[in-house]
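A quick write-up on the structure given underneath.
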Amino acid sequence: MQNQGLAQQLFLAKQVREHEAKAATLAGVSMFTLMERAGHAVFSQCIEHFPNAQRYFILVGYGNNAGDGYIVASLAKQAGKEVIVLAADTSRHLIGDALTAQQRWQALGGEVESYTQGRLNNADIIIDGLLGTGINSQVRRPFLTMIEDANAQPSAIVAIDLPSGIDADTGQPLGIAIQATITVTFVGIKQGLVTGAGRSAAGKIIFNDLGIAESFTKLVDASATLINITSFKPLAARSRNSHKGNHGKLLCVGGNQGTSGAIRLSSEAALRTGAAMVRVYTHQSSVQVVSSGRPELMVSCDSLSAALAWANCVIIGPGLGQDSWAQIAFEQVIQYCLANNLPLVIDADGLNLLAKHALEYRLKNCIITPHAGEASRLMKVSIAEIEANRFQSATDLAKRYISTSVLKGAGSLIANGQQTWLCENGNPALAVGGSGDVLTGIIGALLAQGFAVDQAACYGVTLHAKAADILAEREGERGMLPSDLFAIVRQLINGK
């Protein structure tokens with residue numbers, strides 16, 4: 001993976017709050033200058049994305065987000081827009097830079113109205129300057145009512161720094177949250193904006209470092225790294241005298257009676273991602289189904305030990321089931337891979353079986369790929385607890401199983417216990433049965449071709465997600481089949 005700048009790094013809200021003032025000082029600017037720059041950044045995005053909007057409704061609370069909102073209000077008024085500032089509580093007095101921004105607005109003849117329900121009717125654009133990154137409890141009135149009313153409007157919503165009501169670190173709504181069209185975030189991208197509910201609430205995320213990137217990065221280490229398809233260099237051309245034995249021998253284990261499609265998707269995805277030889281060990285009843293139409297796959301239902309000795313990487317889980325056949329295969333694969341340090345990817349029912357042996361196996365050279373439901377079983381907690389802090393959940397999974405974990409979902413996370421990466425690519429078209437099986441095959445193929453575990457997980461997730469983005473843009477999100485991704489993955493892996 002290539003080195004990334006500040007726009008590809010994620011931070012905890014506390015990191016930004018505690019270091020932005022010092023970073024501003026090092027950069028030779030005041031905090032009010034940062035507030036001015038933030039207001040200009042928001043207004044410029046309003047003009048760029050909504051040039052015809054004339055009626056601006058600015059929602060303000062009591063803190064620095066309100067100050068940013070007053071700067072936006074002043075700029076909009078000076079640009080000839082109709083501007084209405086609606087405060088959560090006009091009796092609350094602002095202090096510091098926020099007060100200065102409010103006074104500037106008032107010096108222009110601007111007024112501050114108390115919010116009343118229904119006042120947002122006929123807004124062309126709503127600016128959310130209600131709640132900042134400091135909120136850590138459930139949203140209460142009057143903010144709750146203001147957020148409900150804003151979300152009910154057909155107008156665009158632009159959130160300042162993050163949508164009000166979203167936990168900046170976890171992405172979870174604190175009871176309710178603004179559903180923004182655009183979020184303009186500053187200094188450092190808050191990690192809650194890019195995964196789970198926060199990803200949906202933020203809309204399009206636009207980052208502005210407010211001119212203090214150099215000083216800020218000297219003070220703070222990122223909590224996680226954003227990755228996308230541009231994070232990876234194209235793969236080097238293969239040697240002209242290479243042969244099939246040089247490019248990976250992958251064993252795919254799964255496909256119990258009645259669930260052959262899953263292992264077929266994984267194994268063909270591996271071929272399309274460049275694994276030179278792919279062998280499938282499957283249930284006797286599935287052999288013909290898996291092999292038909294794809295003669296390049298080597299398919300068998302016996303001699304698992306010989307297949308393991310042949311392979312340089314294994315995936316297990318797609319369509320595996322949890323009956324006695326599955327349990328015997330699972331235990332044999334795990335024991336062999338542990339004893340021989342063979343790279344391993346575990347997915348689907350492989351994860352459900354792993355959860356039953358959580359205290360027996362500590363995996364190395366392994367990637368686990370759970371969705372939230374599988375993660376909940378692996379960690380013995382509820383799905384809600386997994387989703388409440390996806391960053392922590394991904395890290396906890398990696399530490400518990402001494403592996404690299406891929407926590408799938410909106411804003412898929414990859415963690416190894418020390419570092420965390422989040423994939424920017426991906427869309428709801430991937431929320432379809434079989435999608436995870438394709439991802440497993442892609443990751444397994446990369447491991448078989450010699451990728452390190454972390455890199456295979458990160459690149460595999462990104463290839464899969466980017467292929468879905470390309471396909472969704474061409475044909476729409478509904479109706480995409482996981483196998484539709486094969487051709488696009490092949491193009492991406494070849495740098496096309």
Side-chain angles (χ1 to χ4, degrees), residues 17 31-32 34-43 46 53-153 155-166 168 173-181 183-184 186:
R17 286 197 304 269
M31 289 298 288
F32 185 72
L34 291 192
M35 185 173 285
E36 288 182 304
R37 290 176 179 178
H40 277 275
V42 171
F43 185 62
C46 293
Q54 290 299 315
R55 290 172 57 84
Y56 277 59
F57 282 71
I58 319 289
L59 306 183
V60 296
Y62 319 134
N64 284 337
N65 263 34
D68 298 337
Y70 280 112
I71 297 292
V72 177
S74 297
L75 292 169
K77 185 176 181 65
Q78 290 169 326
K81 306 294 185 180
E82 181 183 351
V83 183
I84 298 94
V85 175
L86 301 174
D89 185 353
T90 54
S91 68
R92 288 283 296 267
H93 296 292
L94 302 184
I95 60 173
D97 294 331
L99 175 59
T100 302
Q102 182 190 58
Q103 291 170 338
R104 178 178 291 186
W105 161 247
Q106 292 170 329
L108 291 172
E111 297 181 353
V112 182
E113 298 182 27
S114 290
Y115 180 79
T116 55
Q117 199 161 4
R119 186 68 175 89
L120 292 176
N121 293 343
N122 302 316
D124 292 332
I125 189 169
I126 297 169
I127 309 300
D128 166 30
L130 289 171
L131 299 168
T133 61
I135 182 174
N136 55 16
S137 60
Q138 295 292 100
V139 176
R140 297 186 294 271
R141 298 185 190 279
F143 296 102
L144 187 150
T145 302
M146 296 174 78
I147 291 172
E148 285 180 338
D149 286 357
N151 288 342
Q153 303 305 314
S155 50
I157 302 177
V158 178
I160 297 175
D161 206 25
L162 83 162
S164 291
I166 286 292
L174 297 167
I176 190 172
I178 282 285
Q179 300 298 306
T181 313
T183 297
V184 187
F186 314 119

(request) Check whether any side-chain heavy atom of Phe43 lies under 4.5 Å from a side-chain heavy atom of Ile71, and answer yes or no. (result) no

(message) Donor-acceptor pair, distance only, cut-off 3.5 Å: does the side chain of Thr183 make one with the backbone of Leu162?
(response) no

(message) As an exercise, state the distance from OG1 of Thr116 to CE of Met146, rounded to the nearest 0.5 Å.
(response) 9.5 Å

(message) Quick check: do Val83 and Trp105 have side-chain heavy atoms less than 4.5 Å from each other?
(response) yes

(message) Between Thr100 and Tyr70, is there a side-chain heavy-atom distance shorter than 4.5 Å?
(response) no

(request) Supply the atom-to-atom distance Ile127 CD1 to Cys46 SG, rounded to the nearest 0.5 angstrom. (result) 3.5 Å

(message) Test your reading of the model: is there a side-chain donor-acceptor pair from Asn65 to the backbone of Ile160, 3.5 Å cut-off?
(response) yes

(message) Within this structure, what is the CE-CG distance for the pair Met35 and Asn64, rounded to the nearest 0.5 Å?
(response) 4.0 Å

(request) List the atom of Ala98, the atom of Gly63, and the distance in Å for their closest heavy-atom pair. (result) CB-O, 3.6 Å

(message) Are Glu148 and Leu144 packed together at the side-chain level, in the sense that at least one heavy-atom pair is separated by less than 4.5 angstrom?
(response) yes

(message) A quick test of your reading: do over 12 heavy atoms of other residues, nucleotides or ligands sit less than 6.0 Å from CG of Leu99?
(response) yes

(message) Restricting to non-hydrogen atoms, name the atom on Ser114 and the atom on Thr90 that form the minimum distance, rounded to 0.1 Å.
(response) OG-OG1, 2.9 Å

(request) Mind telling me whether Phe143 and Tyr62 have parallel, tilted or perpendicular rings, with 30° and 60° as the class edges? (result) perpendicular

(message) Rounded to the nearest 0.5 Å, what separates atom CG in Leu59 from atom CG in Leu131?
(response) 10.5 Å

(message) Any non-hydrogen side-chain atom of Asp149 less than 4.5 Å from a side-chain atom of Gln117?
(response) yes

(message) Ignoring hydrogens, what is the shortest heavy-atom contact between Pro163 and Ala180? Give both atom names and the distance.
(response) CG-CB, 4.5 Å

(message) Looking at every non-hydrogen atom in both residues, tell me the closest pair between Gly67 and Ala101 and how far apart they are.
(response) O-CB, 3.4 Å

(message) For the backbone of Leu86 and the side chain of Arg119, can you confirm whether one donor and one acceptor N or O come within less than 3.5 Å of each other?
(response) no

(message) Within this structure, what is the CD1-CD1 distance for the pair Ile166 and Ile176, rounded to the nearest 0.5 Å?
(response) 10.5 Å

(message) Restricting to non-hydrogen atoms, name the atom on Val72 and the atom on Gly39 that form the minimum distance, rounded to 0.1 Å.
(response) CG2-O, 3.6 Å

(request) Quick one: closest heavy-atom pair of Val112 and Gln102, and the distance? (result) CG2-NE2, 4.4 Å

(request) Measure the spacing between CG of Asp68 and CD of Glu36 and express it to the nearest 0.5 Å. (result) 11.0 Å

(message) Would you say that Val158 contacts Tyr56 through its side chain, given a criterion of any heavy-atom pair below 4.5 Å between the two side chains?
(response) no

(request) Would you check if Ile147 and Asn151 make a side-chain contact, meaning some heavy-atom pair closer than 4.5 Å? (result) yes

(message) Among Arg55, Gln54, Lys77, which residue satisfies the side-chain hydrogen bond (donor to acceptor under 3.5 Å, both in side chains) criterion with Glu82?
(response) Arg55

